[in-house]
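Below is one structure, written out as structure tokens; comments come after it.
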Amino acid sequence: MNKFYLCNAIAYVNGKPHMGHVLEYIFADAIRRYHILKGEDVFYQNGTDEHGSKIYKTAKDQGLEIQEMVDKNNQTFVNVCKLLNVEYDVWIRTSSDHHKKGAQKLWSKLDEAGDIYKDSYEGLYCVGCEAYLNEKDLVDGKCPNHLKEPEKLKEENYFFKLSKYSDQIKDLIESDTLKIYPEGRRNEMLALCEEGLKDVSFSRPKKVLPWGVNVPDDDDQVMYVWCDALSNYITCLGYGSDDESNFEKYWPCDLQMIGKDILRFHGGIWIGMLLSAGIEIPKALGVHGFITSEGQKMSKSLGNVVDPSEIIEQYGLDALRFYLTREVPTGDDGDFSKERFAIVYSSDLANNYGNLVSRVLAMVNKYDVNIKSEFDVEGFNGVFEKYSEYVEGFDLKKAVEEVLRYLDTLNTLIEETKPWALMKEGNVEEATKVLSNLVEGVRRASIMLWPFIPGTVEKVFGYLNLESNISFADLESTIDDGHQVGTAEPLFPRVEV
RNA sequence: CGCGGGGUAGAGCAGUGGCAGCUCGUCAGGCUCAUAACCUGAAGGUCGGAGGUUCGAAUCCUCCCCCCGCAACCA
């Protein structure tokens, strides 16, 4: 059995989950379910990134113990996954002991490879912020928050020799040993390698960053985000613990899902670290974009922040899952619009899919059709192949569209064959043939839709009186002769807007 | 001269050399199995602008205009 290890970026628990997290979770879950249908041994990681000066600061501002705040926020991410029907196999938290141990093991490997060195870092440090500021953030040379000129501060910390791996990473991407989807992002990463990846600062003095993973054998230094957070993809498999069996079984990762903002870290730093440590690199990176709301960046001040739970309450979970996978280009930015949502819901879900299920099952019941195990594959030819190609090429939107096109052909087929007319003419044989074909078509389309709208498809399988332990292997057979189907309730009822 | 993405029908998008396409919306017709759903047809575009290469350009080249990201220690 093939294994499939799927990762997504871990969420920074400085705030609450937003639509961007939801987007990634749903994409990941759809891909995860697709591979389950393929019959693979799927392992899906998820979790939270819980260190860093921002979290330290937020906790202090809120007057909370750091661990307390982190626990609280972590729970909101766990809850949102549950709400979304996103099922992960492991939930990694970077503040957990076993993660810290793994991160330290990885650090030691890099050190042993001679890729970690000490150097001084010079920056503009604002005492008020307790952090380094960027030159571009300054207003008249002063910190905009504290209206004070930051001090030029020099500190010793560790660096990672990423520059050493620049060419090697470029070769790996060019040869598709490391695939990057979509192509535009691949080009972007190649261009970065072309310019030359630079060494990265890898630690912070404890006095600057007190909340993090200790650097092995140096009591004064704490790991900066790279080794701490990126290592989660292997520590969640037990890397660095007493039991590395999952690491041996599932690594390397088959697909790592990330947002476009962190491409350079995953395509550059992370790969460099793995090369240095002598660990295999991921096979592919899938890069998605951002989601806007009504054409604008979601922000509290604009008041256009979309709360996923409200949408779910109004339209149902699968409608949200469907909207995000069908409407947002998988590798690009997309928009969340209430108007579009209503259109997609009624046109694709209610009218196309939902109504098709209703009319087919209604006729089968009404005309008391004795279903025949035969399927006219014409119309279905090539659909599954294209659908698969799209999912594997990290284009969920096109995959869904492929199924929608197939649903169209089924609706058209009904018009062309007019089963109700056939029954009136007493042509039971032909009507049976057509309706058996339609039931089988609905079954096949539903299988392909399961990764996207699992709850709905399971309902349809219930109406069809079929077991809901679905797999793509079921596409190779047809429904049994004489199979009895049940009746259907509307899958996507009209929603008053 | 920083890097990149984009400008195609009312809206949203596909389309990298060969009669300009899809979805939604609009209009007209058909059907009655179905969630007033479904099917067919029509209207609607000088493919951001200018120039060039070519028998032929949305697609290749040059220049210009407009929008949006990124510019590495915030993740």
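Per chain, numbering begins at 1; letters A, B, ... match sequence-line order. Just so you know, these numbers come straight off a predicted model, no measurement behind them.
The two residues A:D49 and A:I55 make their nearest non-hydrogen contact at O-CD1, 3.9 Å.
Rounded to a whole Å, the CG atom of A:D261 is 14 Å from the C1' atom of B:A71. Distance A:I116 CD1 to B:C73 C1': 15 Å, rounded to the nearest Å. Remark: P of B:C22 and OH of A:Y406 are 21 Å apart, rounded to the nearest angstrom. If you take CG of A:L413 and P of B:C33, they are 17 Å apart, rounded to a whole angstrom. The distance from atom CD1 of A:I269 to atom C1' of B:C74 is 13 Å, rounded to the nearest whole Å. In this structure, NZ of A:K398 is placed 8 Å from P of B:A14, rounded to the nearest angstrom. For A:K397 and B:C13, the NZ to C1' distance is 6 Å, given to the nearest whole Å. The distance from atom CG of A:D348 to atom C1' of B:C13 is 14 Å, rounded to the nearest whole Å.
In this structure, A:W270 has its ring center closer than 6.0 angstrom to the ring center of A:Y233.
Although no hydrogens or angles enter the test, the distance criterion places no donor-acceptor pair under 3.5 Å between the side chain of A:S166 and the main chain of A:S163. A donor-acceptor pair is defined here as one N or O able to donate and one able to accept, closer than 3.5 Å; such a pair exists between the side chain of A:Q221 and the backbone of A:E156. A donor-acceptor pair under 3.5 Å links the side-chain atoms of A:Q104 to the main chain of A:N214, judged by distance alone.
Atom CD of A:E389 sits in a sparse spot, with 12 or fewer heavy atoms from other residues, nucleotides or ligands closer than 6.0 Å.
For A:R326 and A:D348, the salt-bridge test passes: some basic side-chain N is under 4.0 Å from an acidic carboxylate O. Salt bridge annotation for A:D176-A:R186: present, with a cationic side-chain nitrogen under 4.0 angstrom from a carboxylate oxygen. The residues A:K433 and A:E374 are annotated as not salt-bridged, no charged nitrogen and carboxylate oxygen being separated by less than 4.0 angstrom.
The structure places CG of A:L110 at 5.5 Å from SG of A:C227, a figure rounded to the nearest 0.5 Å. Here the CG atom belonging to A:L197 is positioned 14.0 Å from the NZ atom belonging to A:K164, to the nearest 0.5 angstrom.
Take A:D318 and apply the side chain to side chain donor-acceptor pair (under 3.5 Å) test, not counting sequence neighbours, and it matches A:T456. Residues satisfying the side chain to side chain contact (heavy atoms under 4.5 Å, CB included) criterion with A:F265, sequence neighbours excluded, are A:W226, A:I262, A:I269.
RNA chain B forms stems at B:2-7 with B:65-70, B:10-13 with B:21-24, B:26-30 with B:38-42, B:48-52 with B:60-64, each a run of 3 or more consecutive Watson-Crick or G-U wobble pairs whose two key distances fall under 3.5 Å.
A cation-pi contact links A:R204 to A:Y224, judged by a cut-off of 6.0 Å to the six-membered ring centre and 45° from its axis.
To the nearest whole angstrom, the two P atoms, one in B:A14 and one in B:A9, are 13 Å apart. On the P atoms, B:C47 is 11 Å away from B:U8, given to the nearest whole Å. Comparing B:C65 with B:G25, their C1' atoms are spaced 31 Å from each other, to the whole Å. When the P atom is used for both B:G4 and B:A75, the distance is 27 Å, rounded to whole Å. Comparing B:U54 with B:A11, their P atoms are spaced 36 Å from each other, to the whole Å. Nucleotides B:A20 and B:U46 are separated by 13 Å at their P atoms, to the nearest Å. Annotation: B:G12 and B:G48 have their P atoms spaced 14 Å apart (nearest Å). When the P atom is used for both B:G52 and B:C39, the distance is 47 Å, rounded to whole Å.
Taking for each of A:G196 and A:P329 the nucleotide of RNA chain B with the nearest heavy atom, the 5'-most of the two is the partner of A:P329. Nearer to the 5' terminus of RNA chain B, by closest-nucleotide assignment, is the contact made by A:E183 (compared with the other of A:S201 and A:E183).
Considering only heavy atoms from C-beta on, A:V80 stays 4.5 Å or farther from A:H21 through its side chain.
Among the atoms of the strands shown, none is found under 4.0 Å from any heavy atom of A:F202. No contact: A:V200 has no heavy atom under 4.0 Å from any strand.
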Distances under 3.5 Å between protein N/O atoms and the N/O atoms of nucleotides 2-11 of chain B, please, pair by pair.
none

Strictly under 3.5 Å: I want the nitrogen or oxygen pairs between protein and nucleotides 34-39 of chain B, one per line.
{"residue": "B:A34", "atom": "O2'", "partner": "A:N355", "partner atom": "OD1", "Å": "2.4"}
{"residue": "B:A34", "atom": "N1", "partner": "A:R359", "partner atom": "NH2", "Å": "3.3"}
{"residue": "B:A34", "atom": "N3", "partner": "A:N355", "partner atom": "ND2", "Å": "3.2"}
{"residue": "B:A34", "atom": "N3", "partner": "A:R359", "partner atom": "NE", "Å": "3.0"}
{"residue": "B:U35", "atom": "O2'", "partner": "A:R494", "partner atom": "NH2", "Å": "3.1"}
{"residue": "B:U35", "atom": "O2", "partner": "A:F492", "partner atom": "O", "Å": "3.2"}
{"residue": "B:U35", "atom": "N3", "partner": "A:F492", "partner atom": "O", "Å": "3.1"}
{"residue": "B:U35", "atom": "O4", "partner": "A:G354", "partner atom": "O", "Å": "3.4"}
{"residue": "B:U35", "atom": "O4", "partner": "A:L491", "partner atom": "N", "Å": "3.0"}
{"residue": "B:U35", "atom": "O4", "partner": "A:F492", "partner atom": "N", "Å": "3.2"}
{"residue": "B:A37", "atom": "O2'", "partner": "A:N355", "partner atom": "OD1", "Å": "3.2"}
{"residue": "B:A37", "atom": "O2'", "partner": "A:N355", "partner atom": "ND2", "Å": "2.4"}
{"residue": "B:C38", "atom": "O2'", "partner": "A:R359", "partner atom": "NH1", "Å": "2.9"}
{"residue": "B:C38", "atom": "O2'", "partner": "A:E415", "partner atom": "OE2", "Å": "3.0"}
{"residue": "B:C38", "atom": "O2", "partner": "A:E415", "partner atom": "OE2", "Å": "3.3"}

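Within residues 13-25 of chain A, no residue places a heavy atom under 4.0 Å from RNA chain B.
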